[in-house]
Amino acid sequence: MTEDFFKYQAQTTPHPLALKISYAKGSYIYDTSGNKHLDFVAGVSACTLGHCHPRVVSAIKNQAEKYLHVMVYGEYIQEPAVELSKLLAKNLPKNLNTTYLVNSGTEAIEGALKLARRATGRTQLLYANNAYHGNTMGSMSVMGYEERKNAFKPLVPDCFPVTFNNEADLQKITSETAAIILETIQGGAGFIQPENDYLKKVRERCDETGTLLILDEIQPGFGRTGKLFAFEHFGIVPDIVVMGKGMGGGLPIGAFTASHEVMALLQENPKLGHITTFGGNPVIAAAALATLQELTETDIIQQTLQKEKLFRKLLKHPMIKEVRGRGLMLAAMLETPEIASEVILACKDQGLILFWLLFEGRAIRITPPLTISNDEIAEGCKIVQNVLNRVK
C-alpha cells in the first residue's frame with residue numbers, strides 16, 4: 001500500500017508522514033501494525049469531537065439510509081441543511097442569520113469575497129500579511145505569503161496587504177475597499193491573537209468607510225477557543241463569517257454566513273451568483289448538525305479553557321519559549337524550526353501525533369479534539385517532555 005500511495009496518489013510534499021491508517025476512535029488513531037497514536041492534531045483542527053464520535057456516526061448512518069445527493073444546492077428543501085442553517089443562526093449574532101453551505105473552507109472564502117464585491121460594488125480587497133485562507137486562486141490572492149504565491153501568479157487583482165495588529169495600516173481601509181478579510185486568530189502565522197482591541201478598531205474603520213469585515217473562523221470556530229466562534233472573545237461582529245474544518249465532525253464542509261439582505265444579492269443580477277453541486281450535501285450536513293448540537297447542548301466548549309490551562313501547566317520546559325493561542329488552538333514555540341521538526345518526528349515514533357504550522361517553522365501545532373480527556377493531555381505532554389529532554 002505504501003508503494004501504491006506514492007505511485008498513484010498526488011503528494012503535497014516530498015516527504016509525507018505516510019502513516020498507514022487502520023481505524024480511529026476518540027483521541028487515538030490506529031495504524032495497520034496495531035500501534036495506537038494519541039492525536040494532538042485532530043486532522044488539523046477538523047475532528048472537533050474526536051474520531052468517529054457516536055452522535056456524528058449515528059447521524060451519518062441515519063441520513064445515508066434516507067437519501068444521499070438529490071439536487072444541486074438551493075433547489076430542494078433538505079432537512080439536514082435547513083436545520084443546520086437554522087441552528088447556526090440561533091447561535092450567531094442576529095445580523096448573521098443566513099448561511100450558504102459549501103464543500104470546504106477555501107470555497108467558503110471564495111464565496112465570501114464574491115459576496116463582498118457584489119454587496120459593495122467595489123473591487124479592492126485587503127488581507128493580512130502571513131494570512132492563510134485556503135489554496136484556490138481567490139483564497140491565494142488574499143494569502144500573505146508571497147513565496148507560496150509567486151509560482152501561480154497572476155492572481156485576482158486589487159488585493160493588497162496590511163499587517164495584523166498594526167493600527168496605522170487601518171488607514172488603508174478606504175471608501176474604495178470592498179472588504180478586509182482577517183483570520184480572527186492568525187493560524188499559519190503562529191496562532192497570533194489580536195491585541196489592544198485591534199478587531200474593534202478594524203470594525204470601527206469598516207463602519208466609517210462602508211467596508212465589509214470578513215472574519216475567517218475556519219480554524220478557531222466551533223468551540224476550539226472556548227467560544228463557539230473566536231470573535232465572541234473580542235466584542236465585535238463581522239459582516240460575513242467564514243467557517244469550515246471542525247464544522248463537519250470529520251467530513252468536508254464549509255460555509256459563509258451573512259445577513260439575509262446581503263446574502264440575497266447572490267440570487268439575482270446575475271442569477272446563480274454563487275453555485276455549488278454538493279454544497280449542503282445531506283449526509284455531511286447531518287454530521288455538521290450533530291456536531292453543532294453536541295457542542296451547544298453540552299459543556300464541551302466550556303471545558304476547552306480548562307484544558308488549555310492544563311496544557312500550559314504541563315508544557316513547561318526550558319526549550320519551550322512560549323505557548324501561543326487560546327483554548328485548544330495552541331502552538332508550543334521552540335527556538336528553531338530544526339528543533340521543532342525533530343520533536344514532531346520523535347513524538348510520532350513515541351505514539352504522539354503533532355504537526356507543523358504553515359509559515360512559522362518554530363511552532364508545534366497542538367489542536368487536539370475538544371473531547372480529549374485530562375489523562376490523555378497528561379499522557380501526550382509527558383511524551384513531549386521526554387522527547388525534549390533528549391534533544392541536544
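- With sequence neighbours excluded, the residues that form a ring-ring contact (aromatic ring centres under 6.0 Å, His included) with Phe40 are Phe311.
- With Tyr28 as the aromatic partner, Lys36 meets the cation-pi criteria of under 6.0 angstrom to the ring centre and within 45 degrees of the ring axis.
- Here the OG1 atom belonging to Thr211 is positioned 6.5 Å from the CD1 atom belonging to Ile173, to the nearest 0.5 angstrom.
- Ion pairing of Lys149 with Glu147 is absent here, as no side-chain N (NZ or NE/NH1/NH2) approaches a carboxylate O to less than 4.0 Å.
- In this structure, Phe152 shares a hydrophobic cluster with Tyr132, Met137, Met140, Met143, Tyr145, Leu155, Leu358, Phe359, the cluster being traced through Ile, Leu, Val, Met, Phe, Trp and Tyr side chains under 4.5 angstrom apart.
- With Asn166 contributing its side chain and Asp169 its backbone, the two residues share a donor-acceptor pair below 3.5 Å.
- Between Tyr30 and Tyr23, the ring-plane angle classifies as parallel under the 30° and 60° cut-offs.
- Salt-bridge annotation for Arg362 and Glu338: absent, with no side-chain N of the basic residue lying under 4.0 Å from a carboxylate O of the acidic one.
- Look at Glu65 and Lys61 and you find no salt bridge, because none of the NZ, NE, NH1 or NH2 atoms lies under 4.0 Å from a carboxylate O.
- The main-chain N or O of Glu79 is never found under 3.5 Å from a side-chain atom of Glu83 such that the two would form a donor-acceptor pair.
- Each salt bridge (Lys or Arg N to Asp or Glu O under 4.0 Å) pair with one or both residues in residues 13-34, not counting sequence neighbours, would appear here, but there are none.
- Of the listed residues (Gln193, Glu195, Lys201), just one forms a side-chain contact (heavy atoms from CB on, under 4.5 Å) with Asn165, and that residue is Glu195.
- Within the structure, the side-chain hydrogen bond (donor to acceptor under 3.5 Å, both in side chains) test picks out the following pairs touching residues 182-192 (sequence neighbours left out): Thr184-Glu217.
- Taking 4.5 Å as the limit, some side-chain heavy atom of Ile353 sits within range of a side-chain heavy atom of Ile29.
- Between Tyr127 and Phe160, the distance from one ring center to the other does not fall under 6.0 angstrom.
- Taking the charged nitrogens against the carboxylate oxygens, Lys271 and Glu268 have no contact shorter than 4.0 Å, which rules out a salt bridge.
- Side-chain atoms of Val102 and Tyr100, non-hydrogen and from C-beta on, do get closer than 4.5 Å to each other.
- With His133 as the fixed residue, the side-chain contact (heavy atoms from CB on, under 4.5 Å) test singles out one of Ile181, Val242, Ile218: Ile181.
- Not counting sequence neighbours, the partners of Arg205 by the salt bridge (Lys or Arg N to Asp or Glu O under 4.0 Å) test are Glu208.
- Counting heavy atoms from C-beta outward, Glu379 and Leu38 have side chains that approach closer than 4.5 Å.
- The residues Arg55 and Glu294 are annotated as salt-bridged, a charged nitrogen and a carboxylate oxygen being separated by less than 4.0 angstrom.
- With no hydrogens or angles considered, no side-chain donor-acceptor pair links Thr99 and Ser85 at under 3.5 Å.
- With side-chain heavy atoms closer than 4.5 Å counting as contact, directly or through intermediates, the hydrophobic cluster containing Tyr76 also holds Tyr67, Val70, Met71, Val72.
- Leu292 and Thr296 make their closest contact through O-OG1, 2.8 Å (heavy atoms, listed as atom of the first residue, atom of the second, distance).
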